[in-house]
Amino acid sequence: MPLVSMRQLLDEAAKGGYGVGAFNVNDMEQIQAIMEAAKETRSPVIIQASRGARQFAQDRYLYHLILAASELYPEIPIAMHQDHGNSFETCKSAIELGFTSVMMDGSLKADGKTPSTFEENVEVTRKVVDFAHERGITVEGEIGVLGGVEDGHGAGGSGLDHITDPDQAVEFAERTGVDALAIAIGTSHGAYKFTKKPDGSVLKMDVLIAIHKRLPNTHLVMHGSSSVPKDLQEIVNQYGGKLKETWGVPVEEIQLGIRNGVRKINVDTDNRLAITGAIRKVLWESPEKFDPRDYMKPAREAMQKVVATRMTQFGQAGHAGDYKPVSIAEIAKGYKDGSLSTRPLVAAK
Ligand SMILES: [Zn+2]
């Protein structure tokens, strides 16, 4: 199956009432882990790469690895997504490389650190939407600012510093025409999201629900949504790691989000923990081993297990065969003739 539009994938998820995990990749083994999990659970998938990943792997390697996945798994719809594009140029280069979806994170300035103004965010996001939609490419925008830093991207600080304002979310969706909207509800990037099991004081599901009520047809995106399970933390620490105690976003909260318009859930940390734990275990228990396959294979299997679990929990499992891919050229036509709406439905307060 050719790479598909993320818009199509999310529209289908909305119809089916489920969420789709967006898993970050930097190398071949991570792509293989995601694809085997997708095959096992018959799930459509979003594979995403940050700017850091594109630098680490190099664009051409990354593109051809994901293309290989689409050839090897013709039954699985795959959207290839740029995670946290920091500028128009980053998004443009991703589209020219062959990504079928981009995130323009205009919540921060192009340095990827300083929060921008609302007007700056609208302006750069709108510019990316115009360029992308003409080419049939999906755009995710962000309003409000996530906490923490990942891959050198982020404002740092707590997830509570810049919670999304529902009125601004409505105005942003109307003025930019984004296909998907990332909102800030208290989550942070990286492993250290919460210092205790999160409750309503730090994880603002009420804000998410308020935004969904105003924008009932807009696909919402949860970033920083690894669950950081204790068992994965423990494996790392049992074999010589030194992770401090931390809490992620509980799966039940994500499922509540999915019942309230969340269609894309970003997961990276859980997979990093699974891989690192598996590698540590092999090297700790068998220090004589030196063939990388001896630890990369268990690492890949550990990540596959996490991804398959999330696919089942998010509800995307079983939906790979529900629809035929629409070509990117057809999607471009849809944006042009208005059959693919970019005007959000707005409900009264
Ligand atoms: Zn993110």
Side-chain angles (χ1 to χ4, degrees), residues 1-23 25 31-49 62-82 94-103 129 132-140 177-181 216-221 258 261-266 307-308 310-345:
M1 191 180 286
L3 296 173
V4 304
S5 147
M6 191 171 84
R7 170 69 185 265
Q8 186 193 4
L9 212 134
L10 298 184
D11 283 352
E12 291 290 340
K15 271 190 237 166
Y18 58 89
V20 183
F23 304 100
V25 298
I31 295 170
Q32 291 173 329
I34 295 168
M35 293 315 299
E36 278 299 302
K39 184 181 170 186
E40 181 192 331
T41 60
R42 295 189 302 114
S43 297
V45 293
I46 300 167
I47 297 181
Q48 62 184 12
L62 211 51
Y63 175 65
H64 285 281
L65 284 169
I66 296 173
L67 213 55
S70 76
E71 288 170 15
L72 290 167
Y73 301 82
E75 73 283 16
I76 306 288
I78 307 170
M80 179 174 171
H81 177 75
Q82 164 81 54
I95 292 167
E96 286 167 351
L97 179 62
F99 283 60
T100 59
S101 178
V102 294
M103 175 188 194
V129 167
H133 282 183
E134 211 180 303
R135 290 157 181 81
I137 304 304
T138 311
V139 181
E140 173 186 339
V178 289
D179 301 283
L181 186 61
N217 289 355
T218 298
H219 304 314
L220 301 180
V221 183
I258 293 169
V262 170
R263 297 295 158 231
K264 174 172 179 276
I265 305 102
N266 287 10
V307 173
R310 293 288 174 272
M311 286 171 160
T312 305
Q313 291 165 331
F314 299 162
Q316 74 205 82
H319 289 286
D322 288 0
Y323 49 93
K324 291 264 167 294
V326 176
S327 75
I328 296 297
E330 281 295 314
I331 297 278
K333 243 189 253 170
Y335 284 127
K336 202 165 174 225
D337 67 24
S339 56
L340 270 182
S341 166
T342 53
R343 290 288 300 172
L345 177 68

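With respect to Pro344, the side chain to side chain contact (heavy atoms under 4.5 Å, CB included) criterion is satisfied by exactly one of Val178, Asn217, Thr218: Thr218.
Between the side chain of Thr138 and the backbone N or O of Ser5 there is no donor-acceptor pair closer than 3.5 Å. Although no hydrogens or angles enter the test, the distance criterion places a donor-acceptor pair under 3.5 Å between the side chain of Gln316 and the main chain of Gly21. Distance alone, capped at 3.5 Å, is enough to place a donor-acceptor pair between the Gln8 side chain and the Val326 backbone. Judged purely by atom type and a 3.5 angstrom limit, Arg263 uses its side chain to pair as donor or acceptor with the backbone of Tyr18.
To the nearest 0.5 Å, atoms CD (Glu134) and NZ (Lys336) are separated by 8.5 Å. Going from atom CZ of Arg135 over to atom OG1 of Thr100 covers 15.0 Å, rounded to the nearest 0.5 Å. Considering OG of Ser339 and NZ of Lys333, their distance stands at 10.0 Å, rounded to 0.5 Å. Taking CG of Asn266 as the reference point, atom CE of Met103 lies at 7.5 Å (rounded to 0.5 Å). Going from atom CD1 of Ile76 over to atom OG1 of Thr41 covers 7.0 Å, rounded to the nearest 0.5 Å. Put simply, CG on Leu62 and CG on Leu67 are 11.5 Å apart, with the number rounded to the nearest 0.5 Å.
Counting heavy atoms from C-beta outward, Ile66 and Ile31 have side chains that approach closer than 4.5 Å. Residues Lys39 and Glu75 have side chains in contact (heavy-atom distance under 4.5 Å, counting atoms from C-beta outward). Looking at Pro44 and Tyr323, their side chains come closer than 4.5 Å, going by heavy atoms from C-beta outward. You'll find the side chain of Tyr335 reaches within 4.5 Å of the side chain of Thr342, heavy atoms only. In this structure the side chain of Met6 reaches within 4.5 angstrom of the side chain of Glu140, judged on heavy atoms. Side-chain contact between Ile34 and Val25 is present, with at least one heavy-atom pair separated by less than 4.5 Å. Met35 places a side-chain heavy atom less than 4.5 Å from the side chain of Ile47. Here the side chains of Met311 and Val45 are in contact, with some heavy-atom distance below 4.5 Å.
Heavy-atom minimum distance, Val102 versus His81: C-CE1, 3.5 Å. Shortest non-hydrogen contact noted between Ala308 and Ala37 is N-CB, 3.6 Å. Nearest heavy atoms, Leu3 versus Gly98: CD1-O, 4.1 Å. The shortest heavy-atom contact between Ile331 and Gly136 is CG2-O, 3.5 Å. Here the shortest heavy-atom pairing between Ile137 and Asp179 reads O-OD2, 4.4 Å. Residue Val20 comes nearest to Phe314 through the heavy atom pair C-CD1, 4.4 Å, listed as atom of the first residue, atom of the second, then distance.
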Exercise. Would Leu10 and Val221 count as a side-chain contact (heavy atoms from CB on, under 4.5 Å) if you check the C-alpha gap in whole Å, the side-chain angles of each, and the deciding distance to 0.1 Å?
Worked result: CA-CA 10 Å; Leu10 298 184; Val221 183; 5.6 Å; no
For this session: May I have the step-by-step check of side-chain contact (heavy atoms from CB on, under 4.5 Å) for Lys264 and Leu9, ending in yes or no?
Result: CA-CA 10 Å; Lys264 174 172 179 276; Leu9 212 134; over 6 Å; no
Exercise. So Asp11 and Leu340, side-chain contact (heavy atoms from CB on, under 4.5 Å) or not? Walk me through it.
Worked result: CA-CA 10 Å; Asp11 283 352; Leu340 270 182; 3.9 Å; yes
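For Arg42, the CZ atom is loosely surrounded, since the number of other residues' heavy atoms within 6.0 Å does not exceed 12.
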